[in-house]
There are 2 protein chains.
Amino acid sequence: MSDPEPEMELVHLLRAVAVELGAHSARFAQRNGMHPTDVRALIALMDAARAGEAMTAGRLGGALGLNSAGTTALVDRLERAGHVRRVRDGRDRRRVTVEVDERAVTLGWSHFGPLIGRAVELLRGYDERELAAIRGFLTGVREAAADDGREPHHNEPG
Amino acid sequence: MSDPEPEMELVHLLRAVAVELGAHSARFAQRNGMHPTDVRALIALMDAARAGEAMTAGRLGGALGLNSAGTTALVDRLERAGHVRRVRDGRDRRRVTVEVDERAVTLGWSHFGPLIGRAVELLRGYDERELAAIRGFLTGVREAAADDGREPHHNEPG
DNA sequence: CGGTATTATCTCGCCCAACGAGATACTTGT
DNA sequence: ACAAGTATCTCGTTGGGCGAGATAATACCG
């Protein structure tokens, strides 16, 4: 009576992976005297840097679901630890852009590097059709999870 | 110059999925006046129930990385909200097993059901070889992430 | 059977991440 | 120049989680 659908095994596996990745990040946080939110912030900052965009304090807080007070405290914390720098925007001097320090990047790489390397190694073992399946499944799940956040009640017109 | 390895795209995609699934859970928590830890606890309890094992307060706290004080507070919170019941173990009367209320299961299903359904639907579109690739990749990543937690410093003897 | 160690949970007091409200500083529109 | 809008910060408070230790039940050992 428990699992009539064999697909549920993979659903549970994906959930287990998400949990394990969260635990992996939490370990990085604890080992470096940080909080989970701090790690999420650093990742968001590095993602923005990779995309070539500047990250302001406000956008960072928004991405993490923090209000302005929490965001200030977060950036204070990261700055005190030397992981980021506050830089006043020259054009709009109300804005504070948050820049990641190089040492934080190195520190992060030393923790996440091995895991990323293993994942890349695994992916090299698959052919194009298998990679397309992995990519398609992950993309679909990401969209399904994100869709719920947008308009959970009413449909949008075409 | 940014991504010489094409595999990195899938690595970032997997990370994005993990983030999105976390946000999905956080939304469930917020909509029902709960905290992320409470949701993690309910999931752990349902997993144990699915596996046919009883979950004690201590094991629950251990699974979530809480100490005993935090665990007591967590179960208090969940019990006050009517999501779980405390049941004294008959054999070892020090133990308190935590049972999930049916309504909490229904509530959870109403939130996570559509996402799970969509994932199952996606998986039905793949053949055995593609499913094996998805399963293999996810299993490998889970193991790589978990390995770091076990013995990061010294090797164990044979 | 009594006594001590061990295990499971709970209580108490504290810390600090995050919140709400509002102050401050800068920019934009009229 | 002045009002309205926007970005960040300050202040006071809440509440999840921690450390230390109390309480209660079980296991070990002579």
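Just so we're clear, the structure is a prediction, and the values are computed from it rather than from any experiment. Here is how names work: the chains are called A, B, and so on, in the same order as the sequence lines, proteins then strands, and each is numbered from 1.
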(message) For chain B and DNA chain D, what are the first and last nucleotides along the strand, 5' to 3', with at least one atom under 4.0 angstrom from a heavy atom of the protein chain?
(response) dG16(D) to dT26(D)

(request) Please identify each residue that fulfils salt bridge (Lys or Arg N to Asp or Glu O under 4.0 Å) with Arg40(B), with sequence neighbours left out. (result) none

(request) Hey, which sits more toward the 5' end of DNA chain C by its nearest nucleotide, Ala57(B) or Asp38(A)? (result) Ala57(B)

(request) Residues of residues 85-96 of chain A with any non-hydrogen atom less than 4.0 angstrom from an atom of DNA chain D: list those, numerically ordered, please. (result) Arg86(A), Arg94(A), Arg95(A), Val96(A)

(request) Can you sort out which residues in residues 66-76 of chain A have a heavy atom within less than 4.0 Å of DNA chain D? Ascending by number, please. (result) Ser68(A), Ala69(A), Thr72(A)

(request) Select base, sugar-phosphate, or nothing to describe what Gly61(B) touches, counting heavy atoms under 4.0 Å on all strands. (result) nothing

(message) Using a 4.0 Å heavy-atom cut-off, does Gly65(A) contact any base of the nucleic acid, only the sugar-phosphate backbone, or nothing at all?
(response) sugar-phosphate

Looking at [Y] and [X], is there a salt bridge between them, counting it only when a charged N and a carboxylate O are closer than 4.0 Å?
X         : Y         : result
Glu143(B) : Arg118(A) : no
Arg124(B) : Glu121(B) : no
Arg85(A)  : Glu99(A)  : yes

(request) Using the side-chain hydrogen bond (donor to acceptor under 3.5 Å, both in side chains) rule, collect all pairs that involve residues 52-69 of chain B, keeping only residues at least two apart or in two chains. (result) Glu53(B)-Arg59(B)

(request) Using side-chain contact (heavy atoms from CB on, under 4.5 Å) as the criterion, point out the one residue from Asp38(B), Asp101(B), Leu45(B) that pairs with Val84(B). (result) Leu45(B)

(message) Does the plane of the ring in Tyr126(B) sit parallel, tilted or perpendicular to the ring in Phe137(A)? Use 30° and 60° as the thresholds.
(response) perpendicular

(request) Return the set of residues passing side-chain contact (heavy atoms from CB on, under 4.5 Å) with Arg129(B) (not counting sequence neighbours), or none when no residue passes. (result) Asp127(A), Arg129(A), Glu130(A), Asp127(B)

(request) Report, as yes or no, whether the 6.0 Å neighbourhood of atom CZ on Arg15(B) holds more than 12 heavy atoms from other residues, nucleotides or ligands. (result) yes

(request) Inspect the surroundings of CD in Glu79(A) and state if more than 12 heavy atoms from other residues, nucleotides or ligands are less than 6.0 Å away. (result) yes

